[in-house]
Structure formats: C-alpha cells, structure tokens
Amino acid sequence: MNTLKHTLNKLVGEALSVVSGLTDCDPNVITASKPEFGDYQSNGIMSIAKKVGTNPRQLASDVVEKITADANPLIAKLEVAGPGFINIHLSDTALMQRASEIQNDTRKLIPTTNKVDKIVVDYSSPNLAKEMHVGHLRGTIIGDCLARVLERQGHEIIRQNHVGDWGTQFGMLICYMREISVLQGDLPTQLADLESFYRAAKERFDADPEFADTARGSVVKLQGGDADHLVVWQQFIDESLKHCQALYDKLNVTLSRKDLKAESFYNKDLEGVVKKLEEASLLSISNGARCVFLPEFTGKDGEPLPVIIQKTDGGYLYATTDLAAVQFRSFDLKAERSLYVVDARQSLHFQQVFAVGRKAGFASENISLEHIAYGTMMGSDGRPFKTRSGDTIKLVDLLDEAIRRAHELVSKKNPGLDETTYLEIAEKVGIAAVKYADLSKNRTSDYVFDWSSMLSFEGNTAPYLMYAYARIRSILRKQNSGLQGVQITSVSEVAERNLLLKIMQLSEVVDMVARDCYPNLLCNYLYELAGMFMRFYESCPILKAEAQLRDSRLALSALTAATLHQGLDLLGIETLEKM
RNA sequence: GCACCCGUAGCUCAGCUGGAUAGAGUACCUGGCUACGAACUAGGGGGUCACACGUUCGAAUCGUGUCGGGUGCACCA
C-alpha cells in the first residue's frame, strides 16, 4: 500500500500532466499547513502555470475538474484556493477503509520497500583506548535509529562498528599493562575503570622519556604482528569491548560483537591501498610522506591539501584505513549505500576519502557514500562540551543519573508498586528520555548539553510518548470483550479524524527519515501523534460511549498504541504497560 | 586566508526539498482531577526569523554581501 501522500502526488500529477500538456509534472503535495485547508495541499500548480503561461487559478480549477470527473474514491472534496493551491479533503470512508486493512496486520503501518538495498551503517565507532563519554551518544543512537528504520523498510542492513583499536595510544597502554602485570598481576581489576587506567598510563608516558620510547616501539611491534604484544593488546581490547557492550545493552542499541569491524581488521589491506594508489599514479611524496593531492582540495594559503596515506616513518593513517573500508564495503560487502554516521568535524576527511576512493577505484559506481554528519555537543559556555575540570562526562554516568531521577519520579507519581517494577520502569524511562532528547534535535546543528532538558520528563519528551502509550494500554485492559474484528466506524469528531489521519501518515515520515537520515522528523511525528491522542482522550469518552461508538474508539486507541509502539521501536525506545 | 555548519519567543529547539496569518517545549500568568492515569489538558502574554540588497505571484527557506558563533584545513583518530 502506497502512502497517502505518494498516492495523491501521483493522482494530482497525472491530472496536471493531462491538463497542462507537460509530462512529469510535480504537483508538490504536502500535508495541509492548516486544518481549514483540508488534509493535503498541492503547491505545485503555480510554477507549472508559469511554465505553460496560463493563469494558475484557471489551471488549478481545470485540474480539479479533471480529478472530480474521474471520481476517485479517496477524494471527498477539492478546492482551489489562494493564488492557485488545491486543497484536498480526503473521504472519511476511504480513511476508515485503509484503517481496517491495517488493523488486520499492523505491520502494514510501515510498508516494505519494493527495491531492497544492501546498506552499510557505520556508527558509534568509539576509540577503545578510553571509556565512552557523552559525546559518543549522538552517533551511537542516530546510527542505531537509522539502521532500525532502514531495516524495518525491508533493506538489508550491515551494521559496522568501526572501533579505534589500532592507534598510537595502544602502544602506551600495552606498555603500561606489561609493567602492571609484572608488578601486580591482577589486570581485570586494574582495567575496571578504563578512564583512570588511561590517565595513569598517560602520566607515566609524559613523566618518563624511557617509558615513552618503549611505548612508541610497542606500537610498531603491535602493528608488525609481534605475538606477545598482540596477546596483551587483545586482553585490553576484550575488556574495553565489554564496557562498550554493557553501554549498548543499557542503551538498547542493536550493536553486538558480530557488528565489529575494527581498524585493526583493515591492517592487512593497507599495503594494498598504497599499491593501488601507486598504480593509479595518484601518489606523490611530500616532505617524506606519501600523499594524494586532488586539485579540489586546498588548505591554508591556498596550498594544495594532501590526503596523507603513509607517514614519513612508514606508519599508516586513518585515511588509509578508511580507503580500505570503502573498498571492503563496496566490493566485498557489495553495498548500494554506505552511511557514515560521524561527527560533522570530519566532513573534510570524508570528502577527501570519498573523492580519492572514487578516483582510485576503491568504490564501485554502484555505491552511494554518505557522510551522515551530526553537530557537536556543546557546553553551556558555547564551547565543545567539557566539565569544569576539563574532562568529559562519562556516558554511563549520564545514564545512571537519568535512571536515578526517573526512579525518584515514578515512585512519587505511582506509589504502591514493588521495587523491581520501579527499577524496570526507571531504567526504561530514564534511558528513553536521554535518547529522545538527543534524537529529537536536528542532527546537523550543534546543541547545548544541559542536564535539565536532557533529563526532563515533561512536554516534548520520551516519557510523554510513553505515557500516552501506557494510558491507552490501561484503557484496553479495562475492557474485556476483546477487540477481535472490531472496526473504526466513526471519525465524525474532529479529534477522532485527526488522530486516524495522523496514524496513516507514519509511513510518510518513515520514508523521509530513510531518505534524508533525520531521526528528529520521526520524533516530531510521534509527539504530534501522542498529542492528538491526548486531545482525543480529553474530548471523546471511550469506555462510556454507547456500544458501537465505544468499539470504534477502542479500535482507534488500539491502532494508536500500535503506531506509537512501532514508532518508538524505530527510535530504539521501549514502551511500558504501566509507568 | 580558505572551506563547511549555524544565527527563529527570556531559555532550549522545530519549521516536510520556496507556500497561505512563523510553531512547539520550557519559564511566567489563568482555568480543569468524587473522572477511561494531571508525567495530562484548555487558554494568555511573549517575534524586525542577525542585518542589507536581490531573485518571484510568494522568502525563515534560494543568491550576493556584512556582522556574530562553532568547526576543519600535513604526517592523531
């Protein structure tokens, strides 16, 4: 089943083509900007009229006449308005008809795509040398949401967690670990707090030149495949990954060990990358480093800007690894799209990697490489987020605080439940609030980290959406006749009709999110949907209505719940029966 | 110096590929629970969409310029 918008766009577009004589007219149908304009509006008539040189209102009324003559059952009424808009009012019976099709199988709320793509989603990708901090939240949950959305549409999703496990810091850490294990043995305890372990190693590194030298040597040995170093390294990586996985589980993020494609995975391909660039005659040596210069990239003072492939000392850089990854995704995984959910500050890096990748044949022509950039999390001082001491806040601390506050609130709001229930509710509400606070913002803008808005449970927040869901479930629990075969038969109240129409529009929003990768569109939608339910709830008695109306409203409520549930699931937010 | 992102209500942010009278949340003020859950809801005040010029039937949205903020630009990732 096509979306309403898609169907209308086609309907009006075809009529417009016939009337105007132009092929491929875009009628630009959008949801109506005001209720008095109907359900949808076509904005495209004016520009077409201009192209053909006719009066826009006349053209609009010709289009209306044509569509009316065809008597499409979906349309109740069309009006020409303003300079040449067409306002579209949908038929109530057609709406209820669509609803009943979906009720029988609520998976139809989101139709599956008719062209299945293989899509790589590269997200989260923390550096394993340190613990994840609040700055890692965005990429992790935006990527997870996109993966869920695309997967739900029926695409084949390959999650890739491109963790940093191979950089220079690991020499330092390995070196420090070897010291510790000789002195104290008990490594797991030492690694329980990665952050302080890193700090200790760094202090050692800064204080003792001899240690620093050994550390630099350790990187070379590690990357050269030295067995001893690899064992110690693996031990550290395993421990660090456990930390990450615990956070993913806590965040209800779908990443697992099998999605791991660490930097080290590409180590074996790096020489090949250099060779391939050489064969393509793209490499040149500048100040001792092997670089690719592309004319479209210039740096300070207009000098040509290199993509450095291999350092003077022979070491490889992240551009090298990323080129290997482009090749892997394009030719081994054979993906049609590769999404890189990475901080906007790396835009230039990805432009370069994509450009070199195309030029040197690391990417086939079939793959679309997309940097899904997101803005930086700022402190209240307008600078990239740091605490007063200059540290970042650990992600786990943010989550724990959210859960603590949710626990406090739920035990106050809903006394008399047992402690296990409180903990379960607090965990879900707290995590959801944090995720939603981030996902509901346009990903491209920088945003200010603020405890109170991130941990708010009122207004446009996840708890509001979850509350709407819990309310519906509560009503459904109170009726015991079952909803088998019960249909929506009334949309005569404005609140009923608005709610039903909104439900039908989930699929339109999901389409937009899948195309443009903006999860906040889905958040906006769900907030409006929940708001419409709240208004319906205030103005339309459900359980107290007479039998037929009661059933219709119960069915509408149930369908709302299903829509909220599916929408929230795409955001990676779980619902609760009670809260 | 060059490039990218941004500037919308006191604060935090939306604004659907140019549409009709610019919207939410929060904060503040006023109403609504013996009720299908008040984490809710109804209403009020609050705006030179940074500024200027341009494109056009129409601009917060597109273009140019100015101002202001953020970010990136050679061997870290």
Side-chain angles (χ1 to χ4, degrees), chain A residues 5 28 30-31 33-34 36-37 41 43-44 46-47 49-50 56 81-85 125 127 129 164 166-169 263 286-291 297-303 305-313 315 317-319 321-322 343-349 351 373 375-376 378 382-384 409-410 412-414 429 437 440-442 444-448 450 452-453 456-461 463-464 466-468 470-476 478-479 508-509 512 515-516 518 520-521 523-525 527-528 531 534-535 537-545 553 557 578-579:
Chain A
K5 188 189 272 185
N28 194 9
I30 64 166
T31 49
S33 55
K34 290 184 191 309
E36 57 266 36
F37 299 155
Q41 64 186 63
N43 292 339
M46 280 85 83
S47 65
K50 177 138 208 167
F85 298 104
S125 308
N127 186 335
W166 208 237
T168 33
Q169 313 102 311
E263 282 181 307
S286 170
N287 296 332
R290 292 176 141 168
C291 306
F297 298 106
T298 53
K300 291 174 186 166
D301 311 320
E303 284 172 21
L305 187 66
V307 179
I308 303 177
I309 302 297
Q310 194 168 21
K311 298 192 282 184
T312 310
D313 67 7
L317 290 152
Y318 73 138
T321 312
D322 277 341
D343 192 302
R345 284 175 286 190
Q346 294 192 33
S347 293
L348 180 59
H349 165 71
Q351 279 179 43
T376 310
M378 314 290 262
R383 320 227 24 124
L409 187 68
V410 69
K412 197 171 77 192
K413 294 263 184 201
N414 211 345
V429 169
S440 62
K441 290 172 172 68
N442 184 317
T444 56
S445 38
D446 295 344
Y447 82 101
V448 176
D450 171 52
S452 64
S453 71
S456 165
F457 301 136
E458 286 166 16
N460 188 0
T461 62
Y464 177 84
M466 297 165 86
Y467 182 66
R471 263 185 160 179
I472 298 173
R473 299 301 302 167
S474 172
I475 293 168
L476 295 177
K478 287 195 167 73
Q479 65 83 37
E508 295 172 8
V509 176
M512 283 197 277
R515 193 189 58 219
D516 302 327
Y518 286 97
N520 69 308
L521 298 176
C523 295
N524 290 346
Y525 167 82
Y527 178 63
E528 285 167 13
M534 295 294 193
R535 265 156 261 151
Y537 176 91
E538 294 283 333
S539 61
C540 301
I542 300 166
L543 294 173
K544 286 180 187 164
R553 288 178 176 171
S557 300
K578 291 179 184 172
M579 61 185 277

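Proteins get letters first, then strands, A, B, ... in listed order; numbering begins at 1 in each.
Pairing of B:G43, defined by two Watson-Crick or G-U wobble distances under 3.5 Å, is identified with B:C29. B:C16 is unpaired under the Watson-Crick or G-U wobble criterion, no partner having all donor-acceptor distances under 3.5 Å. Across all strands shown, B:G37 forms no Watson-Crick or G-U wobble pair with both distances under 3.5 Å. Pair assignment for B:A3: B:U71, on the basis of Watson-Crick or G-U wobble contacts that are both within less than 3.5 Å. Using N1 to N3 plus N6-O4 or O6-N4 for Watson-Crick, or N1-O2 and O6-N3 for G-U wobble, each under 3.5 Å, B:U64 pairs with B:A52.
Residue contacts for A:Val410: at a heavy-atom cut-off of 4.0 Å it reaches a base atom on one of the strands shown. Within the 4.0 angstrom heavy-atom criterion, only backbone atoms of the sugar-phosphate kind lie near A:Lys544; the bases stay farther away. Heavy atoms of A:Ala470 sit under 4.0 angstrom from at least one base atom. Residue contacts for A:Ser33: at a heavy-atom cut-off of 4.0 Å it reaches a base atom on one of the strands shown. At the heavy-atom level, A:Tyr447 lies under 4.0 Å from the strands shown only through sugar-phosphate atoms. Looking at heavy-atom distances under 4.0 Å, A:Ile475 makes contact with a base. Residue contacts shown for A:Ala289 include a base, since a base heavy atom lies under 4.0 Å away. Among the heavy atoms of the strands, none lies under 4.0 Å from A:Ala373. Within 4.0 Å of A:Met466, counting heavy atoms only, lies no atom of the nucleic acid at all. Within 4.0 Å (heavy atoms only), A:Ser445 reaches sugar-phosphate atoms of the nucleic acid but no base atom. When heavy atoms are screened at a 4.0 angstrom cut-off, A:Ile308 is found touching base atoms of the nucleic acid. Using a 4.0 Å heavy-atom cutoff across all strands shown, A:Asp313 reaches no nucleic acid atom at all. Residue-level contact check: A:Lys412 touches neither bases nor backbone, having no heavy atom under 4.0 Å from any strand. Using a 4.0 Å heavy-atom criterion, one finds that A:Ile542 contacts the bases of the nucleic acid, with or without backbone contacts as well.
Considering only the side chain of A:Asn287, B:C75 comes nearest among B:C36, B:C75, B:A20. Comparing B:A39, B:G15, B:C13 by their closest approach to the side chain of A:Lys413 singles out B:A39. Checking B:A42, B:C16, B:C76 against the side-chain heavy atoms of A:Arg535 singles out B:A42 as nearest. Comparing atom distances between the A:Lys311 side chain and each of B:A38, B:C76, B:U17 picks out B:C76 as nearest. Comparing B:C75, B:G15, B:C36 against the side chain of A:Leu317 picks out B:C75 as the nearest. Closest to the A:Lys441 side chain, of the nucleotides B:A38, B:A39, B:U12, is B:U12. Among the nucleotides B:U17, B:G19, B:G70, the one closest to any side-chain atom of A:Met46 is B:G19. With distances taken from any side-chain atom of A:Phe85 to the nucleotides B:A77, B:A39, B:A20, the minimum falls on B:A20. For A:Tyr318, the side-chain atoms get nearest to B:A77 when compared with the rest of B:G37, B:A77, B:A20.
Separating the CD atom of A:Gln346 from the P atom of B:C4 is a distance of 18 Å, rounded to the nearest angstrom. Going from atom CD of A:Gln351 over to atom P of B:C73 covers 13 Å, rounded to whole Å. One can place CG of A:Leu409 at 14 Å from C1' of B:G37, the figure rounded to the nearest angstrom. One atom, CE of A:Met534, and another, P of B:A38, lie 9 Å apart when rounded to the nearest Å. As rounded to whole Å, 14 Å separates atom C1' of B:A20 from atom CG of A:Asn28. In this entry the distance linking CD of A:Glu528 with P of B:C16 reads 12 Å, nearest Å. We find that CG of A:Leu348 is positioned 14 Å from C1' of B:A77, with the value rounded to whole Å. The separation between A:Asp343 atom CG and B:C76 atom C1' is 15 Å, rounded to whole Å.
The closest side-chain heavy-atom distance from A:Val429 to A:Met466 is below 4.5 Å. At least one side-chain heavy atom of A:Leu521 sits less than 4.5 Å from a side-chain heavy atom of A:Met512. Side-chain contact between A:Glu458 and A:Tyr464: absent, with no pair of heavy atoms (C-beta onward) separated by less than 4.5 Å. Between A:Gln41 and A:Asn28, every side-chain heavy-atom pair lies at or beyond the 4.5 Å cut-off.
A:Met579 approaches A:Pro463 most closely through the heavy-atom pair CE-O, 3.8 Å. Between A:Glu263 and A:Gly167, the closest heavy-atom pair is OE1-N, 4.2 Å.
B:C67 sits 15 Å from B:C53 when the C1' atoms are compared, rounded to a whole Å. Separation of the P atoms belonging to B:G43 and B:G25 is 11 Å when rounded to the nearest angstrom. The gap from the P atom of B:G31 to that of B:U17 amounts to 42 Å, rounded to the nearest Å.
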Evaluate A:Thr298 against A:Glu303 for side chain to side chain contact (heavy atoms under 4.5 Å, CB included), listing each step before the verdict. CA-CA 5 Å; A:Thr298 53; A:Glu303 284 172 21; over 6 Å; no
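Under the side chain to side chain contact (heavy atoms under 4.5 Å, CB included) criterion, A:Thr168 pairs with no residue, sequence neighbours left out. Residues that satisfy the side chain to side chain contact (heavy atoms under 4.5 Å, CB included) test with A:Met46, not counting sequence neighbours, are A:Pro56, A:Pro83, A:Phe85.
The side chain of A:Asn43 places no N or O atom within less than 4.0 Å of a non-bridging phosphate oxygen (OP1 or OP2) of B:U17. Checking the phosphate oxygens (OP1, OP2) of B:C5, no side-chain nitrogen or oxygen of A:Thr444 falls inside 4.0 Å. Between A:Tyr464 and B:U41 there is a side-chain polar atom (N or O) within less than 4.0 angstrom of OP1 or OP2. Between A:Lys478 and B:C36 there is no side-chain polar atom (N or O) within less than 4.0 angstrom of OP1 or OP2. The phosphate of B:C16 (OP1 or OP2) has no side-chain N or O of A:Asn524 nearer than 4.0 angstrom.
Judged by distance alone with a 3.5 Å cut-off, a donor-acceptor contact links the side chain of A:Thr31 to the base of B:C16. A donor and an acceptor atom never sit less than 3.5 Å apart when one is taken from the side chain of A:Thr298 and the other from the base of B:A3. A donor and an acceptor atom sit less than 3.5 Å apart, one in the side chain of A:Thr312 and one in the base of B:C75.
Remark: ring of A:Tyr537 overlaps the six-membered base ring of B:C36 in a stacked fashion, centroids less than 5.5 Å apart, planes less than 30° apart.
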Footprint string (nucleotides 23-34 of chain B, 5' to 3'): B base within contact, S backbone only, - free, heavy atoms under 4.0 Å: SSSS--------
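Position along RNA chain B of the nearest nucleotide to A:Gly44 versus A:Tyr467 favours A:Gly44 as the more 5'-ward residue.
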